[in-house]
Amino acid sequence: MNAETSDLIAQRIEKVNALRQKGINPYPVRFARTALAKEIKDTFVDGEERVVAIGGRIRTRRLMGKASFANIEDLSGSIQIYAKRDDLGEEAYERYTGLDLGDIIGVEGKTFRTKTGEISVHVTSCALLAKCINPLPVVKEKDGVLFDEFADKELRYRQRYVDLIVTPKSRQDFILRSRIIAGIRSYLAERGFLEVETPMMQAIPGGAAARPFITHHNALDIDLYLRIAPELYLKRLIVGGFEKVFELNRNFRNEGISTKHNPEFTMMELYQAYADYHDMMAITEGMISTLAQDLLGTMRIDYQGSTVDLTPPWERITFVNIIKKYTGIDFETITTVEAARAAAESVGLHPDTDLSIWKIANEIFEERVEDKLIQPVFVMDYPKELSPLAKSREDNSALVERFEPYIVGREIGNAFSELNDPFDQRARFEEQVRLREAGDDEAQMMDTDYINALEYGMPPAGGLGIGIDRLVMLFVNTASIKDTILFPLLRPE
RNA sequence: GAGCCGCUAGCUCAGUCGGUAGAGCAACUGCCUUUUAAGCAGUGGGUCGGGAGUUCAAUUCUCCCGCGGCUCACCA
């Protein structure tokens, strides 16, 4: 903190001290509100004076000598207040004009409409409820347009509390996030899903290909991993007879930070017994389109220059066919690595030499197809070797019943008909272990207890995971995941 | 992890072809009893992200470091 800052702060601390000397607590215990800003404006009737007590933060002020206006803001909105020296008396008015932008105050007064038409509160008494010592960024607004918007992204992320005070869009976006999550919960609850909580600290981190965070339990003296996915525990619950379960909580992956990645992110995973991946598609498109309709009032939403139509049904196309559609390459007819490599070369890609046919196909998909998938689409039937927990297709053992929903060029989820054959699952794990031993540190670990669970019999089931932060990105139209996470991970200052 | 860009007053930003910096808002002092990005007049406030180098002189040029943004890579 430099001299200038401390000047501004010192002035305010001085005001606090002066108040305390007069026996006034600048942080009193309580203030009873009887009204909210928005509700006052919504219910105002001309000619009917209403006595109200409102609390909020001073966001603007216009002092004009012996009278003054200010706007105070509560969560519902902002309302103008009007104070006159003649009403308050000299001492109280002086205390009133000594308030600062950012102070939280409680005001009692009478509603009225000014001669320029603004519904306001004529102050009869005013109490400081919490002094704001640190100067806020000064953001002004006219007709919904912000001036000198709080623009320093680092500060907005580090001091989200300041961002929330001064950036209405930020406030709205996080409220929308909360409503999306609440909407998912009620959508699933209405359909009989049971919300459960499974371990975040796991001895074997399974269910995804990712590097985990490691922590240590002192009493047991064992390392534990923060979960990278809840999948294997949720499926144990399907074994246990819970036929519809979901978990909506954090996963942790020890990987890079980007506009699309935060080390802890929120995932919704659900599993449904006696369902398959077609049922998961119906849930995905039904849930997301319903959320859009309920929360945004439309299924057509604008995102970063594109308009996306979420109206079901979404397009369904296989992995092989969508590659063919966008590149002309037909993996149904490719039977050798050489041919696959030649195909990749034909679209300007140079895959690593040790890749299999299907890994080359995946590279072509990711490099040449993915970012073109603006409208919602279910890409179905992925290669088995990329999907160690999904059930094989009966008509093609190289493929599995898996899909990923794509919107605006981004994978927003992952789903399959769950592999419930313990023999096959064991073989898949063994293959993963082999890859891990060959140096693939994202390959999965053997989980013998999970195999043990499957050996008790898991009914056929569909499973679905949706990345909530990315879904929220779509709904709030932001290019950065940090705008959807209240406190994104940043390097400590 | 790599590349590019940024970091100047509390905030938003100018600027210095190298001679230690400005505006608006905020703050402070006046004036102003229906204003609303209030207005008018005046005042104060900066080790120009940190360090080193070159130079008579560095906020400006060079290098290193820090933090952030964006893009790429990995992934959800």
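Note: hydrogens, waters and symmetry copies are ignored here, and every other heavy atom, side chains too, is used. Here the structure is a predicted model, which means the values were calculated and not measured. In the text below, chain A, chain B and the rest are named by the order of the sequence lines, each starting its count at 1.
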Visitor: Starting at CZ of A:Arg59 and ending at C1' of B:rC25, how long is that distance when rounded to a whole Å?
Guide: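 These atoms are roughly 13 Å apart.
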Visitor: When you measure from the side chain of A:Arg250 to the backbone N and O of A:Thr266, does any donor-acceptor pair fall under 3.5 Å?
Guide: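 Absent.
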Visitor: Between B:rC17 and B:rG22, how far apart are the two P atoms, rounded to whole Å?
Guide: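 Roughly 14 Å separates the two P atoms.
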Visitor: Expressed as a whole number of Å, how far does the P atom of B:rA58 sit from that of B:rG19?
Guide: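 It works out to 11 Å between them.
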Visitor: What heavy-atom pair brings A:Lys110 and A:Val51 nearest, and what distance separates the two atoms?
Guide: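 A:Lys110 and A:Val51 have their closest heavy atoms at CG-CG2, 4.1 Å.
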Visitor: If the P atom of B:rU47 is compared with that of B:rC5, how far apart are they to the nearest Å?
Guide: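 Result for the P pair: 27 Å, nearest Å.
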Visitor: Within the side chain of A:Arg177, is there an N or O that forms a donor-acceptor pair under 3.5 Å with the backbone of A:Ile468?
Guide: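 No; judged by distance alone, with no hydrogens or angles, the pair does not exist.
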Visitor: Can you tell me how far P of B:rA27 sits from CD1 of A:Ile133, to the nearest Å?
Guide: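 Rounded to whole Å, this separation is 15 Å.
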Visitor: Roughly how many Å apart are B:rA9 and B:rA52, using the C1' atom of each and rounding to a whole number?
Guide: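 My reading of the C1' atoms in B:rA52 and B:rA9 gives 27 Å.
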Visitor: Ring pair (Phe, Tyr, Trp, His ring centres under 6.0 Å) for A:Phe319 and A:Tyr382? Distances and angles first, verdict last.
Guide: CA-CA 6 Å; A:Phe319 181 75; A:Tyr382 279 71; 5.0 Å; yes
Visitor: A:Tyr157 and side chain to side chain contact (heavy atoms under 4.5 Å, CB included): which partner among A:Asp152, A:Ile485, A:Asp483?
Guide: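 Among the candidates, only A:Asp483 passes.
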Visitor: Please give the distance between the C1' atoms of B:rA27 and B:rG10 as a whole number of Å.
Guide: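 It works out to 9 Å between them.
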Visitor: State whether a side-chain donor-acceptor pair under 3.5 Å links A:Ser78 with A:Glu73.
Guide: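 No, no side-chain donor-acceptor pair sits under 3.5 Å.
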Visitor: May I ask you to verify if any side-chain N or O of A:Arg253 is less than 4.0 angstrom from the OP1 or OP2 atom of B:rC74?
Guide: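 Result: no.
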Visitor: Is any side-chain heavy atom of A:Ile288 closer than 4.5 Å to one of A:Trp314?
Guide: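 A side-chain contact under 4.5 Å exists here.
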Visitor: On RNA chain B, check which nucleotide each of A:Arg491 and A:Thr266 is closest to and give me the residue with the more 5' one.
Guide: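 Final value for this comparison: A:Arg491.
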Visitor: For A:Asp152, report the nucleic acid contact type (base, sugar-phosphate, nothing); a contact means any heavy atom under 4.0 Å.
Guide: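 Since only primed, P, OP1 and OP2 atoms lie under 4.0 Å of A:Asp152, the category is sugar-phosphate.
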Visitor: Is a side-chain donor or acceptor of A:Lys15 paired with a backbone partner of A:Gly98 at a separation under 3.5 angstrom?
Guide: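 Present.
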Visitor: Taking only N/O atoms, report every protein-nucleotides 69-72 of chain B pair under 3.5 Å with atom names and distance.
Guide:
residue: B:rU71; atom: OP2; partner: A:Thr259; partner atom: OG1; Å: 3.4

Visitor: Would you please say whether a donor-acceptor pair under 3.5 Å links the side chains of A:Glu149 and A:Thr167?
Guide: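 Judged by distance alone, the side chains do not pair up.
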Visitor: Quick one: label A:Leu155 by what it contacts on the DNA or RNA (base, sugar-phosphate, nothing), any heavy atom closer than 4.0 Å.
Guide: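 A:Leu155: backbone/sugar contact only, no base atoms under 4.0 Å.
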Visitor: Given the C1' atoms of B:rA2 and B:rA14, what is the spacing between them in whole Å?
Guide: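 It works out to 33 Å between them.
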Visitor: Please pick, from B:rG1, B:rU12, B:rG45, the nucleotide with the shortest atom-to-atom distance to any side-chain atom of A:Phe150.
Guide: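 Of the candidates, B:rU12 comes closest.
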Visitor: When the C1' atoms of B:rG18 and B:rU60 are considered, how many whole Å apart are they?
Guide: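 Roughly 6 Å separates the two C1' atoms.
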Visitor: Backbone N or O of A:Val121 within a donor-acceptor pair of the A:Thr111 side chain at under 3.5 Å?
Guide: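 No, because the side chain of A:Thr111 does not come within donor-acceptor range (under 3.5 Å) of the backbone of A:Val121.
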Visitor: Could you please name the option among B:rA26, B:rC28, B:rG45 that lies closest to any side-chain atom of A:Asp7?
Guide: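 Nearest listed nucleotide: B:rG45.
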Visitor: Just to be sure I follow the notation: if a pair is Watson-Crick (purine N1 to pyrimidine N3 plus N6-O4 or O6-N4) or a G-U wobble (N1-O2 and O6-N3), each under 3.5 Å, what dot-bracket string does RNA chain B give, with | for pairs to another strand?
Guide: (((((((..((((.....[..)))).(((((.......))))).....(((((..]....))))))))))))....
Visitor: May I have the distance from A:Gln159 (atom CD) to B:rG68 (atom C1'), rounded to whole angstrom?
Guide: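 The answer, rounded to whole Å, is 14 Å.
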Visitor: Could you state the atom-to-atom distance from CD of A:Glu149 to P of B:rU12 in whole Å?
Guide: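 From A:Glu149 CD to B:rU12 P: 10 Å.
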Visitor: Report which part of the nucleic acid A:Asn262 touches: base, sugar-phosphate, or nothing (heavy-atom distance under 4.0 Å, all strands).
Guide: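 Base: the residue A:Asn262, judged by heavy atoms under 4.0 Å, touches a nucleobase.
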Visitor: In whole Å, what separates the C1' atom of B:rC31 from that of B:rA38?
Guide: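 Result for the C1' pair: 14 Å, nearest Å.
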Visitor: Base, sugar-phosphate, or nothing for A:Ala151, non-hydrogen atoms under 4.0 angstrom?
Guide: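 The residue A:Ala151 makes sugar-phosphate contact but no base contact.
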Visitor: Once you apply a heavy-atom cut-off of 4.0 Å, does A:Arg211 come out as touching a base, just sugar-phosphate, or nothing?
Guide: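 No contact.
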Visitor: Does a side chain donor of either A:Thr327 or A:Arg368 reach within less than 3.5 Å of an acceptor in the other side chain?
Guide: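 The answer is no; no qualifying pair exists.
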Visitor: Measure CZ/A:Arg158 against P/B:rG10 and give the value in whole Å, please.
Guide: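 Rounded to whole Å, this separation is 18 Å.
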Visitor: Counting only N and O atoms by type, is there a donor-acceptor contact under 3.5 Å from the side chain of A:Ser76 to the main-chain atoms of A:Ala37?
Guide: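 Between the backbone of A:Ala37 and the side chain of A:Ser76 there is a qualifying donor-acceptor contact (under 3.5 Å).
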Visitor: What is the per-nucleotide protein-contact pattern of nucleotides 31-38 of chain B, from the 5' end, where B denotes a base atom under 4.0 Å from a protein heavy atom, S denotes such proximity for sugar-phosphate atoms only, and - denotes neither?
Guide: -BBBBBBB
Visitor: By nearest atom, which of the nucleotides B:rC67, B:rA27, B:rG45 is closest to the A:Leu8 side chain?
Guide: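 Of the options given, the side chain of A:Leu8 lies nearest B:rA27.
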Visitor: On RNA chain B, check which nucleotide each of A:Pro263 and A:Pro492 is closest to and give me the residue with the more 5' one.
Guide: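 Nearest nucleotide further toward 5': that of A:Pro492.
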Visitor: Is it true that the side chains of A:Thr114 and A:Thr116 contain a donor and an acceptor less than 3.5 Å apart?
Guide: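 Yes, because at least one side-chain N or O of A:Thr114 sits under 3.5 Å from a partner of the opposite role on A:Thr116.
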